[in-house]
Every structure is written in C-alpha cells, then in structure tokens.
Chemist: 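Here's a structure for you.
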Amino acid sequence: MHRLTPTPDVLVAGGGPAGLAAAIAARMKGFDVLVVDPSPPPIDKACGEGLMPDSVTAARALGLDLAGAGYPFRGIRFVSAASGKGVFADFPHGIGTGVRRMVLHDLMRERAEALGVRMAWGARVESPDAAGARWIIGADGGQSAVRRWAGLDASHRNTRRFGFRRHYRVAPWSEHMEIHWGPDSQIYVTPVAEQEVCVVLIARDPHARLDAALPQFPEIARRLAGVEFGQERGSVTATRRLKAVTRGNVALLGDASGSVDAITGEGLCLLFQQAVALADALEAGDLGSYEAAHRRIGRRPAFMADLMLMMDGRRRLRDTALSVLAAHPSLFARLLALHVGQPVWRFA
Ligand SMILES: Cc1cc2nc3c(=O)[nH]c(=O)nc-3n(C[C@H](O)[C@H](O)[C@H](O)COP(=O)(O)OP(=O)(O)OC[C@H]3O[C@@H](n4cnc5c(N)ncnc54)[C@H](O)[C@@H]3O)c2cc1C
C-alpha cells in the first residue's frame with residue numbers, strides 16, 4: 001500500500017478481531033488509527049465461536065456488549081465419546097456467549113467506525129514502513145507477515161492442530177458448551193442461536209473431517225443426524241509462544257503474537273486483553289510494558305491448554321481423568337473456575 005494522507009498515528013495490519021480490538025483501544029486513547037485488511041467485511045473464519053465469561057468481561061472494556069449479541073451458555077460439559085459419560089459445571093460468575101463470527105466482526109467494526117477509526121478494506125500492508133505511521137500493529141493472524149518483517153518469528157514453542165467448523169440448524173440441547181473427547185480428536189459444540197449450534201472438530205491430522213469423524217462421537221452423531229448444516233470451514237490452530245512481540249515501533253497482537261490451542265476457547269479473550277494493554281503502552285510511548293503484559297496475559301490460558309491437551313490422544317490418561325472428574329464434579333468446577341480466571345477459593 002502507498003503512503004497515506006493524512007499519515008495515521010497507528011497503522012493496524014489486519015482487520016480481524018485482533019486488529020479491530022487494537023484499533024478500538026488505541027482510538028479510545030485518542031490516536032488516529034487506520035485498519036487495513038485485504039478481505040471485505042464481515043470477515044468469516046473457522047472458530048468455535050464460544051466466549052467464556054472472562055472474554056465477555058474483557059470485551060466490555062472495549063465498549064463491546066457480546067452478551068447482548070450472542071446466545072448464552074452457563075458452563076462447560078466434558079463428555080467421553082467412547083462411554084458417553086460426562087461431567088459438567090457452571091461458571092462461578094457470569095455466563096458465556098456463543099457469537100457467530102460474522103456477527104462478532106460486524107459488532108466490532110461498527111464500534112470502531114463509531115469511534116472514528118479509519119478503515120481500508122481490500123488493501124494489504126506490504127511492507128512495515130510503507131505507510132509512515134508512528135506505530136505499526138501486526139494483527140495479521142497466525143501467518144503474520146508483519147511478524148516476519150520485524151524479525152519476531154523466533155518462538156519457544158510452535159505446534160499445530162487443525163480445526164473444522166460447521167453450523168447446524170438445530171436448537172441447542174444443552175445449557176453448556178460441550179467438549180466431546182474422541183480417540184484422537186475432539187468435537188466441541190457451542191450454542192450460537194435459538195436454532196443453531198456451532199460444531200468444531202479439532203485434530204492433529206490435517207486430513208480429518210467432521211463427516212469422517214462423527215461415527216467416533218455417537219452422541220453428537222445421533223443429535224446431528226438429518227440436521228441441515230452449512231459449509232465446512234477449516235483453519236490451523238497453533239500453540240505458539242514467541243520470544244518477543246515488539247521491536248522498534250512494531251507490536252504484534254492476537255494470533256500474530258502467538259496463540260493457545262483452540263480447545264481453550266480463550267483466543268478472543270487474549271486479544272481483547274492484549275488490545276487494552278497495548279493501547280496503554282502506546283499512550284505511555286513505551287512498548288516495553290506491553291511486552292510484559294502480553295507475557296502475563298498469556299500465562300493462564302497456556303497452562304490450561306497444556307493441562308487439557310494432556311488428554312489428547314492418550315486413551316488411558318483421558319479415561320482416568322474423565323472418570324475422576326465425573327466422580328468429583330466439584331474438582332471439575334474448580335478447574336473451570338481457574339480456566340476462566342475466577343478465584344478458586346471463592347468457589348469452595
Ligand atoms: C478451529 C478454531 C476454533 C476456535 N475457537 C475459539 C473459541 O471458541 N473461542 C475463542 O475465543 N477463540 C477461538 N479460536 C481462536 C480465535 O479464532 C483466534 O484467536 C482469532 O481468530 C484470532 O484473531 P486475529 O484477528 O488475531 O486473526 P485472524 O482472525 O486470522 O485475522 C487476521 C486478519 O489479518 C488479515 N491480513 C493478513 N495479512 C495481511 C496483510 N499483509 N495486511 C493486512 N491484513 C492482513 C487477514 O485477512 C485477516 O482478516 C479458535 C480458532 C480456531 C482455529
């Protein structure tokens with residue numbers, strides 16, 4: 001893209017949730033912000049579309065009312081696909097919300113527009129200094145070009161799984177978001193509307209697909225039999241921890257800045273929180289504080305992802321863990337409280 005007039009204070013590469021969150025937070029601090037994205041809005045992407053209560057709270061700090069835009073769920077249910085046995089718990093405080101990705105994108109774009117964020121849809125940032133902006137934010141997703149240009153690709157960890165999403169036209173059958181644990185993959189189900197659920201298969205195998213996997217998930221297969229569904233959309237879900245997320249006047253945010261496995265349902269929460277921390281750092285004129293905040297924000301979700309993924313592909317461990325949790329639902333409730341950042345002791 002060419003030099004922009006007037007030159008923005010903040011150029012955001014990427015108009016997905018991270019780019020829009022960053023733009024909203026920076027604009028709320030008074031910066032002139034330009035968002036650039038090659039796709040036309042609303043932008044869709046394979047996503048589980050589940051927002052935990054901590055995500056809903058984090059979004060509120062950006063002036064976004066997600067609870068009003070989505071379909072509520074009150075907790076999480078784990079199910080063993082093999083035995084059909086499960087355990088559930090409610091969130092100690094607040095509710096989760098299932099929000100269709102394009103609804104979320106519309107909501108965020110409207111909020112950004114109302115604040116006066118400038119947007120260039122259908123354009124691409126092609127070099128980090130092209131626009132001459134004071135600050136450049138790389139919110140251009142997991143394959144971030146800004147990250148590469150800024151020399152920030154080095155990571156402590158980088159593993160991948162693959163997610164496949166479909167919407168089914170059926171009334172949600174549970175007040176909980178469900179994670180069904182199969183032999184070498186998981187299916188999770190998020191209620192997103194009165195007559196719609198979002199179903200995601202996550203596997204290490206890039207060739208896995210929902211139709212082929214469903215027979216391994218008898219409960220889900222039975223509930224979805226004969227139900228009308230939409231297009232299947234796939235995406236990589238990476239577990240990536242970068243060594244640094246800032247350099248010079250460049251800061252990374254959202255999946256560009258590293259990510260936790262999709263099974264946590266925390267990707268959006270992370271980027272909402274990062275956006276607020278980054279805007280504070282821009283205001284102070286010092287990206288060092290963002291570097292530290294980014295590390296702190298990612299710690300709990302990364303820990304929870306590791307804990308959950310211990311059950312991926314390990315049948316004995318998974319069966320044992322699920323039986324223990326089913327026998328001790330209060331333990332599951334405590335883990336859920338920890339997952340959404342609510343003090344465990346208050347839940348005793
Ligand atoms: C299968 C799956 C299920 C998930 N489920 C959940 C869930 O239930 N709950 C949850 O909270 N999170 C979930 N996540 C995680 C969540 O979807 C991501 O964390 C989130 O999409 C990251 O947003 P982002 O804006 O960083 O990246 P993206 O959404 O990938 O957006 C990046 C944007 O950058 C643009 N771009 C690329 N290159 C350029 C360029 N050179 N110049 C300008 N723009 C560019 C792209 O067009 C794109 O619009 C899931 C992820 C997957 C894969």
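First listed ligand is number 1; within each ligand, the first listed atom is number 1. For reference, positions follow the sequence shown, starting with 1.
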Chemist: Out of curiosity, Met119 CE to Asp37 CG, how far, rounded to the nearest 0.5 Å?
Modeler: 11.0 Å

Chemist: Give the atoms of ligand 1, by number and element, whose distance to some non-hydrogen atom of Gly254 is under 4.0 Å.
Modeler: 26 (O)

Chemist: Salt bridge (Lys or Arg N to Asp or Glu O under 4.0 Å) with Arg77: which residues, sequence neighbours excluded?
Modeler: Glu178, Glu219

Chemist: Using a heavy-atom cut-off of under 4.0 Å, does the side chain or the backbone of Ala46 touch ligand 1, or both, or neither?
Modeler: backbone

Chemist: Backbone or side chain, does any N or O of Gly141 fall under 3.5 Å from an N or O of ligand 1?
Modeler: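 Among all N and O atoms of Gly141, none is under 3.5 Å from an N or O of ligand 1.
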
Chemist: For atom 7 (C) of ligand 1, which candidate among Pro301, Gly50, Gly234, Cys269 provides the closest heavy atom?
Modeler: Gly50

Chemist: Restricting to pairs with a member in residues 63-75, which pass side-chain hydrogen bond (donor to acceptor under 3.5 Å, both in side chains), not counting sequence neighbours?
Modeler: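 Listed once each, the pairs are Arg74-Asp90, Arg74-Glu175.
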
Chemist: Could you tell me whether Phe88 and Phe78 have their ring centroids closer than 6.0 angstrom?
Modeler: no

Chemist: How far is atom 26 (O) of ligand 1 from the closest protein heavy atom, and which atom is that?
Modeler: Asp255 N, 2.9 Å

Chemist: Out of Met52, Arg101, Gln143, Arg124, indicate the one that has the non-hydrogen atom closest to atom 29 (O) of ligand 1.
Modeler: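 Of the listed residues, Arg101 has the closest heavy atom.
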
Chemist: Show the atoms of ligand 1 that are less than 4.0 angstrom away from any heavy atom in Val236.
Modeler: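 In order of numbering, the contacting atoms are 53 (C).
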
Chemist: Could you list the atoms of ligand 1 found under 4.0 angstrom from a heavy atom of Gly163?
Modeler: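 What qualifies from ligand 1 is 1 (C).
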
